[in-house]
Amino acid sequence: MIDNQTPLKVLFLSAEVVPFAKTGGLADVAGALPKAIHALGHDIRVAMPRYGRVSIEKFGLTPATGHFSVPMDNSAEPATLLQGAIDGVPVYFIENAKYYDRDSIYMYPDDADRFIFFSRASLEMCRQLNWVPDVIHLNDWHTAIVANWLKTIYANDPLWSHTATIYTIHNLAYQGIFGYRVLEIAGLADHGFIAHPDVAPHINEVVDMMARGILFADIVNTVSETYAQEILTKELGEGLDPILQDRRDRLFGILNGIDTAVLNPASDSYIAAHFDIHSLEKRAANKAALQREAKLAEQPDVPLIGAISRLADQKGFDLISAIIDPLVRNLDVQFVLLGTGEQRYHELFQGLAARYPQQVAVFLTFNTPLAQRIYAGSDMFLMPSRYEPCGLGQMIAMRYGSVPVVRATGGLADTVKDFNPVTGEGNGFTFVPYDSMALYTALVRAAETYRHRGVWQQLQLRGMSADFSWSASARKYVDLYYRALATRAPARPLEEYEAARDGR
Ligand code: ADP
């Protein structure tokens with residue numbers, strides 16, 4: 001019997017993990033949270049696919065098993081397993097050339113097959129390793145199907161008779177929506193098709209991987225307390241709010257942390273000058289270096305606004321595009337953007353940089369060292385998201401002394417408090433309505449406050465002193481693991497769920 005003191009065995013499944021493969025915040029979480037849980041004394045192990053870009057030599061990966069067979073689509077596919085580690089946390093890499101020997105992580109027509117295979121191979125891997133986790137921690141749509149399997153095809157398998165699942169939603173907008181055929185690939189065609197009376201037809205008539213995670217996992221959580229509330233609304237529920245409402249007794253919000261060992265301005269090898277709260281004056285060298293690297297005018301007193309982001313509407317780039325030209329024309333500011341995404345934004349920002357070469361620099365690429373130099377060298381960090389499950393950029397910025405200018409939504413609302421010039425409270429600049437003038441006003445307030453050096457430094461120091469490490473949140477996850485085990489539903493909750501839903 002597991003009580004709340006027993007060290008747990010946890011399998012953490014993620015499609016991307018720092019430092020092996022990353023497109024966004026999920027990889028940061030998967031690379032850091034397991035370390036913090038390991039530090040609390042638990043046997044946590046991570047699994048991810050071995051994409052072509054994950055170098056066996058660079059990461060010193062070694063074979064962990066021979067070939068094993070993974071059920072797929074009424075047949076079987078071979079897998080092998082490699083093993084590596086992040087600071088003492090074992091990381092297993094599922095290998096299959098057909099699915100993963102490609103340049104990118106996602107955006108292939110067979111993504112459903114690729115992640116169903118990864119999910120199923122992760123379970124079969126445990127059998128091979130003779131290591132059965134107490135809890136499987138699933139992340140985003142890619143691995144949601146595991147919760148479904150444990151309550152259906154594996155329900156009577158003694159190997160899984162004690163294992164609970166927790167499902168973390170990192171972004172509700174990416175649901176993994178596919179046709180009915182994926183149920184055959186996943187071996188679930190005989191186990192019913194989920195429909196919900198209140199859910200929009202475009203979701204009811206398809207297979208929605210995320211919906212399955214929400215319905216079948218023993219515990220569901222998302223990555224900030226505010227977002228956990230917001231996704232219960234029609235506005236941000238992305239069509240799944242009725243399902244989330246039904247399961248709200250199992251829904252929690254835990255704020256992400258950042259890896260403060262890696263993201264540390266006092267030791268970061270990518271930046272020009274190290275600094276901390278006791279040597280803030282050394283930070284100026286990073287701004288000068290960034291201005292040189294970005295070929296901007298080397299002006300120490302002109303506020304430099306940084307942005308590092310996927311170039312998508314979610315991140316507020318429609319707002320930024322509406323005001324950025326008048327902003328750099330009318331205000332004495334500089335702007336450095338690092339990001340990739342929608343083509344129209346590529347063109348818009350390239351045009352802007354061509355018009356204002358002394359003031360605007362645009363890097364349309366994915367570059368982690370440059371990102372860290374922008375966090376360390378910018379004065380302000382821009383993140384006007386339409387919605388934001390947690391957001392890591394604002395926390396990294398604060399750790400590096402760049403003051404965030406954000407829209408108060410989701411995790412941004414939980415981490416950035418608006419500066420109040422009367423009381424001196426706050427650690428950044430926020431605005432509420434999703435409106436370009438509200439963003440413009442927030443940036444004008446920030447630029448004005450920047451001129452008052454003493455006040456600005458207080459804002460910087462407050463951000464740099466905050467604890468954004470994983471330690472508090474890791475404890476909350478462990479609490480959820482125990483809760484998942486304690487509330488673990490018996491097999492076949494679909495009928496129970498439907499009965500409860502229909503008031504039977
Ligand atoms: P999301 O996961 O929605 O993209 P987050 O703010 O949670 O947004 O996480 C984004 C992470 O990816 C941060 O660590 C950020 O620094 C990093 N990042 C985003 N775009 C780039 C880029 N073009 N180059 C390097 N790092 C990037």
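From a predicted model like this one, the values you see are computed outputs, not experimental measurements. Atoms within a ligand are numbered from 1 in the order they appear, just like the ligands themselves.
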Contacts for ligand 1, heavy atom under 4.0 Å, by chain and number, are Lys22, Gly24, Gly25, Asp28, Ile308, Ser309, Arg310, Lys315, Leu338, Gly339, Thr365, Phe366, Asn367, Thr368, Ala371, Tyr375, Met383, Gly391, Leu392, Gly393, Ile396
If you look only at pairs with a residue in residues 456-467, which of them pass as a side-chain hydrogen bond (donor to acceptor under 3.5 Å, both in side chains), with sequence neighbours excluded?
Asp467-Ser469
Tell me every residue that passes salt bridge (charged side-chain N to carboxylate O under 4.0 Å, His left out) with Asp479, counting only those two or more places apart in sequence or in another chain.
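For Asp479 there are no salt bridge (charged side-chain N to carboxylate O under 4.0 Å, His left out) partners, ignoring immediate neighbours.
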Under the salt bridge (charged side-chain N to carboxylate O under 4.0 Å, His left out) test, residues paired with Arg283 that sit two or more places apart
none
Taking Arg475 for the side chain and Leu40 for the main chain, is one N or O donor matched with an acceptor at less than 3.5 Å?
no
Counting heavy atoms not belonging to Lys282, are there more than 12 under 6.0 Å from its NZ?
no
Go through the steps for Tyr434 and Asp318 under the test side chain to side chain donor-acceptor pair (under 3.5 Å), then give the verdict.
CA-CA 10 Å; Tyr434 192 72; Asp318 47 345; 2.4 Å; yes
